[in-house]
Amino acid sequence: TPSEVKKDLLGVAERLWPSEPITLGPGASAWQLVLKKIKELSISGRQDAFMVADLDVLVSRHRTFLQALPRVQPFYAVKCNSNPWVLLVLSALGTGFDCASQGELEQVLGLGVAPSRVIFANPCKAVSHIQFAARCGMQLLTFDSEEELIKLARYHPRARLVLRIQTRDSQSTFPLHTKFGAHLEACGHLLQVARELGLAVVGASFHVGSDCHTPESYRQAIADCHSVFEMGCKAGHHMSLLDLGGGFPGVKGSEAKFEEMSRVINTALAQYFPEETGIKVIAEPGRFYAGSVCTAAVNIIAKKSSLDPGGHRKLAYYLNEGHYGVFRLFLRDSVPRIPIVVKEFPSEPPPSLLFPCTLYGPTCDAFDRLFSTEVQLPELDVGDWLIFPDMGAYSSSMSSTFNGFPISTVYDAMSPQLRSLLGTVP
Ligand code: PLP
């Protein structure tokens with residue numbers, strides 16, 4: 001019953017409730033907090049890896065998103081970083097949320113977010129998760145197959161459905177087209193089947209692949225959605241929602257790419273879904289919001305030195321964070337990230353004193369390395385620290401305790417202004 005669901009959600013909220021964030025003093029920055037924690041941990045002799053989440057970054061990312069894409073309402077993709085404070089700040093800023101599972105729905109609804117601000121954007125859902133969504137009064141759900149429609153007709157007949165279409169996303173760092181999205185040619189049939197089952201399809205969605213590099217992918221997908229809208233209307237559906245998915249880049253240096261994408265999207269929206277049509281446009285950005293929120297600090301726990309066949313020295317650093325922790329996705333990056341070294345050198349090490357270094361994680365799996373290629377670093381020692389900025393996306397949320405290594409602590413930090421904006425959290 002609704003009251004039982006409410007009780008369950010309150011239980012979840014209590015369990016997941018975050019401890020108070022660190023309020024940064026006047027003029028203090030999250031970067032200073034990273035250095036302070038390194039100092040404290042080094043003195044205590046427990047040099048555990050950690051992250052600092054600078055929650056004020058979310059405010060500026062939100063502003064940038066709304067300025068660049070004024071017609072698009074962001075529904076933050078919880079999977080990207082489900083830190084409760086990230087969700088609380090975004091909720092206060094007024095974003096919606098994209099959830100992919102019952103667990104994410106529980107987390108978001110448990111924070112007091114109204115079901116109308118949530119889309120269940122996983123096209124292939126477990127029956128029990130669909131039933132949970134129905135019990136909570138959640139209406140927006142995506143689908144991309146006939147089989148899913150049959151489940152939805154049985155377990156959530158009053159849902160408002162969004163048809164996810166396939167995109168050309170092979171240029172994106174993390175393509176999704178092999179797993180999700182209906183072919184354009186199959187959409188007419190799916191819309192007809194939905195109609196026959198008595199289901200309401202209200203819109204179309206797509207995802208151009210995470211960390212997209214090709215703005216044209218958005219243009220093509222928006223054009224395809226326009227065709228789906230025409231098919232939907234023909235089949236008797238009232239089509240009123242366009243969902244642009246995620247894919248927007250999230251790290252420093254990607255500003256120009258995001259601006260270009262926004263220009264392409266705004267032009268395509270004006271062409272295919274002009275404002276007068278009253279179509280609501282949403283997106284599901286994840287890494288755009290969370291990417292630059294977190295900074296990771298990791299410690300060198302072991303080191304090996306060897307010579308390559310040409311007699312040149314190379315080094316291997318073993319770190320207390322790795323592929324099974326916050327670096328899960330970075331093996332797929334074509335260019336490795338160069339960390340900031342925390343060590344006092346008498347002077348800047350000249351390039352000739354940089355060595356090709358392999359960065360390994362701490363577990364016993366040989367696959368556990370941070371990047372597929374070497375990085376150029378100076379000679380470092382056990383106990384030295386490396387700092388990686390832009391670690392907020394798909395890091396903590398993908399961490400595991402494989403081999404008994406703990407998940408890195410995240411220190412949440414925010415300015416007094418942001419803290420007071422949140423008021424007393426419920
Ligand atoms: N929406 C869906 C359905 C996704 O699968 C993902 C990521 O895989 C996202 C949104 C977020 O994507 P991104 O972090 O690239 O913005």
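Each ligand, and each atom within it, is numbered from 1 in the order the structure gives.
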Checking heavy atoms under 4.0 Å, the part of N122 that sits near ligand 1 is neither

Within-cut-off N or O pair, R164 and ligand 1, under 3.5 Å: no

Looking only at protein heavy atoms, which one is nearest to atom 15 (O) of ligand 1, and what is the separation? S210 OG, 2.5 Å

With heavy atoms of Y394 as the reference, note each atom of ligand 1 found under 4.0 Å away. 7 (C), 11 (C), 12 (O), 13 (P), 14 (O)

Give a yes/no verdict on whether any heavy atom in P285 is under 4.0 Å from an atom of ligand 1. yes

When you measure from the centre of the six-membered ring of F75, is the NZ or CZ of R117 under 6.0 Å away and within 45° of the axis? no

Could you tell me which atoms of ligand 1, counted from 1 in the order shown, lie closer than 4.0 angstrom to a heavy atom of D98? 1 (N), 2 (C), 10 (C)

So if I count the atoms of ligand 1 from 1 in the order they appear, which ones are less than 4.0 Å from some heavy atom of A121? 3 (C)

Residues, nucleotides or ligands: over 12 heavy atoms within 6.0 Å of K39 NZ: no

Would H237 and V202 count as a side-chain contact (heavy atoms from CB on, under 4.5 Å) here? Give the steps. CA-CA 7 Å; H237 297 286; V202 297; over 6 Å; no

Which bit of H207 gets closer than 4.0 Å to ligand 1, counting heavy atoms only: side chain, backbone, both or neither? side chain

Are any of the N or O atoms of G247 closer than 3.5 Å to those of ligand 1? yes

Near A77, which atoms of ligand 1 are under 4.0 Å from a heavy atom of that residue? 9 (C), 10 (C), 11 (C)

Would you call K234 and E230 a salt bridge, taking side-chain N to carboxylate O under 4.0 Å as the test? no

Can you tell me which residue among F388, F367, Y360 is in a ring pair (Phe, Tyr, Trp, His ring centres under 6.0 Å) with F327? F388

Under 6.0 Å from the six-membered ring centre of Y411 and within 45° of its axis: does the NZ or CZ of K37 meet both? yes

Do any N or O atoms from the side chain of T401 and from the backbone of G404 form a donor-acceptor pair under 3.5 angstrom? no

So, T363 side chain and N403 main chain: donor-acceptor pair closer than 3.5 Å or not? no

Ring geometry between Y289 and Y76 (parallel below 30°, tilted from 30 to 60°, perpendicular above 60°): perpendicular

Atoms of ligand 1, numbered as shown, that sit under 4.0 Å from any heavy atom of E284: 1 (N), 2 (C), 3 (C), 9 (C), 10 (C), 11 (C), 16 (O)

Atoms of ligand 1 less than 4.0 Å from G246 heavy atoms? 12 (O), 16 (O)

Atoms in ligand 1 with a heavy atom of R287 nearer than 4.0 Å: 13 (P), 14 (O), 15 (O), 16 (O)

I want to know if ligand 1 touches G286 in the polar sense, i.e. an N/O pair below 3.5 angstrom. yes

